[in-house]
There are 2 protein chains.
Amino acid sequence: MPSEAQALARLDLDRFMPYRLSVLSNRVSGAIARHYSERFGLSIPEWRVMAVLGDTPGLSARDVAIRTAMDKVQVSRAVASLMRARRVARAEDAKDGRITRLSLTRQGTAIYHEIVPLALHLEDLLLSALGADERRTFDRLMDKLARQARLLMPPA
Amino acid sequence: MPSEAQALARLDLDRFMPYRLSVLSNRVSGAIARHYSERFGLSIPEWRVMAVLGDTPGLSARDVAIRTAMDKVQVSRAVASLMRARRVARAEDAKDGRITRLSLTRQGTAIYHEIVPLALHLEDLLLSALGADERRTFDRLMDKLARQARLLMPPA
DNA sequence: CCCAAATAGTTTCATATGAAACTATTTGCC
DNA sequence: GGCAAATAGTTTCATATGAAACTATTTGGG
């Protein structure tokens, strides 16, 4: 005879994908952060700002916020401390007085070019657990999941 | 004629796997957190503690810390506030006076059984971007990456 | 052209967090 | 058996963080 009681749902954390993503992400970001924080005293938000400015100089703070998925307060604070350390410089926008254009200083650029290979190396270390085919597959599946999350799980 | 200058490494954030993992993980965890925080006033660390206790009652705080990848301070604080809210109870260990055995109260269990289906539903919503084969593949690749990260990128 | 609403960015304040110091108990070795 | 080292958990303190209020500038409709 079939049981009448509906089995109560349980959660096996080790198989729960949001949890696995979080643990993996924290480990990897933490490993990278350990390097640049020890070597240059950079916080995670600071490095994120430097990363986008190294790739695309002249962005406004708002642009940086969008590209890094940070909020504008975090960006404002990271920029303030990066300017104090003379790693980022600010210029007024010709047309819009509310905006400032941000870029790495010479010193900031030097740091950027020292961190990037390290970051790429650690990424490669992680991905070396996968074969070439598997890497391409993982890349594709991550894109699908990111699109789905963007669609269904808006921030804030 | 071949260029002599070695191109300086650049970082394309949109293709950088640690960054993509972080954005995806934050979006998904944030979406789940929004629900249980609005509905029950639970913080992320609090929910994590409840999640492992719901699955395995009788763990010590240290066990909880290991299983959730949280540190012992976070666990201590989450447990303290969960006990205030009568969602978690504590019992002395028969053999070791330093240890306390944690479990969900009846009230905590009720909340657990309400959140779990929601969490599983959101996981499913995310994974519905993938076909059945793709899901299995993603699962396997995540396991490989997690193992690699555990090996090469120890916490702290 | 003027003023209300929108936008960029900063500051303030209350809370969250992490590292280090601390208490209590147990373990292990002489 | 007794004491130094290890372990479980809490508290303290200094810093990080986020939400909301604030300033300055620009935009757009009447």
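Below, read A as the first sequence line, B as the second, and so on, with proteins coming before strands; counting in each chain starts at 1.
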Q: For dT10(D), take OP1 and OP2 only and decide whether either is under 4.0 Å from a side-chain N or O of Arg90(B).
A: yes

Q | For atom CG of Leu42(A) and atom P of dA16(D), their distance in whole Å | A | 13 Å

Q) Choosing from dG18(C), dG9(D), dT26(D), which nucleotide comes nearest the side chain of Asp96(A)? A) dT26(D)

(Q) Tell me the interatomic distance from Arg84(B), atom CZ, to dT10(D), atom P, rounded to whole angstroms. (A) 11 Å

Q) Separation of Asp93(B) atom CG from dT26(C) atom P, in whole Å? A) 9 Å

Q) When the distance from NZ of Lys72(A) to C1' of dT17(D) is rounded to whole Å, what number comes out? A) 16 Å

Q) Nearest to the side chain of Arg98(A), which nucleotide is it out of dG9(D), dA6(C), dG9(C)? A) dA6(C)

Q) Do we see a donor-acceptor contact under 3.5 Å between the side chains of Arg48(A) and Ser22(B)? A) yes

(Q) At less than 4.0 Å, is any side-chain N or O atom of Ser76(B) found next to OP1 or OP2 of dG9(D)? Yes or no. (A) no

Q. Can you find a side chain N or O atom of Arg62(B) that sits less than 4.0 Å from OP1 or OP2 on dA8(D)?
A. yes

(Q) For the CZ atom on Arg86(B), are there more than 12 heavy atoms of other groups (residues, nucleotides or ligands in this structure) within a distance under 6.0 Å? (A) no

Q) Of the nucleotides dA20(D), dA8(C), dA19(C), which one has an atom closest to the side chain of Asp71(B)? A) dA19(C)

Q: Check whether the side chain of Arg77(A) and the base of dG18(D) form a donor-acceptor pair under 3.5 Å.
A: yes

Q.
Can you measure Leu102(A) atom CG to dT10(C) atom C1' for me and round it to whole angstrom units?
A. 14 Å

**Q.** Residue His121(B) excluded, over 12 heavy atoms near NE2 under 6.0 Å
**A.** no

Q. For dG18(D), does OP1 or OP2 lie under 4.0 Å from any side-chain N or O of Gln74(A)?
A. yes

(Q) Only pairs with both distances under 3.5 Å count, Watson-Crick or wobble alike; so what is the partner of dA20(C) in this structure? (A) dT11(D)

Q. Under 3.5 Å, is there a donor-acceptor pair linking the side chains of Thr100(A) and Glu92(A)?
A. no

**Q.** Atom-pair distance (CG on Leu59(B); P on dG9(D)), nearest Å
**A.** 11 Å

(Q) Between Thr100(B) and dG9(D), is there a contact of a side-chain N or O with OP1 or OP2 at under 4.0 Å? (A) yes

Q) dT25(C) C1' sits how many Å from Arg101(B) CZ, rounded? A) 15 Å

Q) Is the Phe138(B) ring parallel, tilted or perpendicular to the Phe138(A) ring (thresholds 30°, 60°)? A) parallel

Q: Name the nucleic acid region contacted by Ser60(A), choosing base, sugar-phosphate or nothing; use a 4.0 angstrom heavy-atom cut-off, strictly under.
A: sugar-phosphate

Q) Roughly, in whole Å, what's the span from CD1 in Ile99(B) to C1' in dT26(C)? A) 10 Å

